[in-house]
Amino acid sequence: MTKKSFGIIGKPLSHSISPELHNFWFKKYNISADYSLLEIEQNEIEEIIKKIRNKELHGINVTVPYKQVVIPFLDLILDDAKETLSVNTISLNKDGKIVGNNTDVYGLEQGFLKRLDEKNLEQNKILILGAGGVTPSIIYALAKKGIKQITISNRTIEKAEDIKKRFPFIKIIKWENIETEVNSMNIIVNATSLGLKNSLDFTQEFKFIKNNLVYYDIIYNPRETTMIKKFKKKGIKTYNGLEMFIYQGQKSFSLWNKIKPELDEELIQTITAKIK
Ligand code: ATR
């Protein structure tokens, strides 16, 4: 059997450890396949999709900033991808159609949402920072759990307004006001790229926070962003995006290979060794 090829498209990709995750599982399950980083420009998306159609590529993940812009190139989008208009997993189905799925919602459900106190879940007041590719998945996963008190804020307010068209129950606050608004929130989610390895960081101080605040960073590389370090020092409960990352990868892997791969200790060690 010829070796199959998988990969992830996005830009930048230097922080991505998706190859380590999928190549670990390919080895573990004796699948002859390789997963690589495919850093591309937006005008190269069409060409990549063609490679899936002609089976040069057997599946791709999609990350920032292409989760939405990739949709017009697909034949159909399913389930959570339809609800969020955000695609992170692409494959060819048995009818020869290019299909887009979203496994981020599953990743959030299995990761972060499992960590939240089930009691009075819908009472939570959540502030999501950022209105990029992953924000619709966060809103959708929270709303499925009955959490509707969701506020979002984004440097470019128009992008937050675009998301509100799809999820009219959310509130928007101005980016300039996040520091004063955080004191009424009990969960903050960072869905911006601020804090990512080799990237800019928050300049805000976030002094006025509740001491029972929960801080969740979608970022997993570095394992502890400056925000996580800062909140941890104050005794705030913090989580990074590693669990979500692993679970979204698990679902992508199952969609492509029809095997639900195990999350074992060796995998966690292999992955964490790759991040600081
Ligand atoms: P995209 O927005 O292209 O989908 P993304 O990586 O999914 O890309 O999103 C990046 C997020 O980080 C966006 O919310 C972005 O805000 P803008 O929409 O205003 O660009 C946010 N972000 C990136 N750099 C930022 C910065 N220096 N200050 C504030 N927010 C920033």
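Both ligands and their constituent atoms are indexed starting at 1 by order of listing. The figures here come from the full heavy-atom set of this structure, side chains too, leaving out hydrogens, waters and symmetry mates.
Summary of contacts: the protein heavy atom closest to atom 1 (P) of ligand 1 is Lys159 NZ, 3.8 Å. Taking atom 17 (P) of ligand 1 as the reference point, the nearest protein heavy-atom neighbour is Thr156 OG1, 3.4 Å. Nearest protein heavy-atom neighbour of atom 27 (N) of ligand 1: Arg155 NH1, 3.2 Å. Nearest non-hydrogen protein atom to atom 10 (C) of ligand 1 is Ser193 OG, 4.0 Å. Among all non-hydrogen protein atoms, the one lying nearest atom 3 (O) of ligand 1 is Pro65 CB, 3.2 Å. The nearest heavy-atom contact from the protein to atom 14 (O) of ligand 1 is Asn154 OD1, 2.6 Å.
Using bins of under 30°, 30° to 60° and over 60° for the plane-to-plane angle, the ring pair Phe26/His22 lands in the tilted bin. Taking the six-membered ring where the residue is Trp, Phe6 and Trp256 present tilted rings, their angle falling between 30° and 60°. The aromatic rings of Tyr247 and Tyr106 lie perpendicular to each other, with more than 60° between the two planes, well past the 30° mark. Between Phe112 and Tyr216, the ring-plane angle classifies as parallel under the 30° and 60° cut-offs.
Checked by atom type and distance alone, the side chain of Glu179 never pairs as donor or acceptor with a backbone atom of Gln204 at under 3.5 Å.
Residues Met227 and Tyr239 do not share a hydrophobic cluster, defined by chaining ILVMFWY side chains whose heavy atoms lie under 4.5 Å apart.
Contact between Phe202 and ligand 1 is absent, with no heavy atom of the residue lying under 4.0 Å from the ligand.
Geometrically, ligand 1 and Val64 share no nitrogen or oxygen pair separated by less than 3.5 Å. In terms of N/O distances under 3.5 Å, ligand 1 is approached by Gly133. Close N/O approach between Thr192 and ligand 1 is not found [any backbone or side-chain N/O within under 3.5 Å]. Between Trp175 and ligand 1, not a single N/O pair is under 3.5 Å apart.
Every atom of ligand 1 with a heavy atom of Gly132 under 4.0 Å away is listed here by number and element: 2 (O), 4 (O), 7 (O), 9 (O), 14 (O). Interface of Gly130 with ligand 1, defined as ligand atoms under 4.0 Å from a residue heavy atom, comprises 14 (O). Counting the atoms of ligand 1 from 1 in the order shown, those under 4.0 Å from a heavy atom of Leu200 are 27 (N).
Under 4.0 Å is where a charged nitrogen must lie from a carboxylate oxygen, and between Glu122 and Lys148 no such pair does. A salt bridge links Lys144 to Glu109: one of the charged nitrogens lies within less than 4.0 Å of a carboxylate oxygen.
Put simply, CD on Gln250 and CD1 on Ile259 are 12.0 Å apart, with the number rounded to the nearest 0.5 Å.
Closest of all the heavy-atom pairs between Ala33 and Asn23 is O-OD1, 4.3 Å.
Counting heavy atoms closer than 4.0 Å to ligand 1, residue Leu194 contributes side-chain atoms (C-beta onward) but none from N, CA, C or O.
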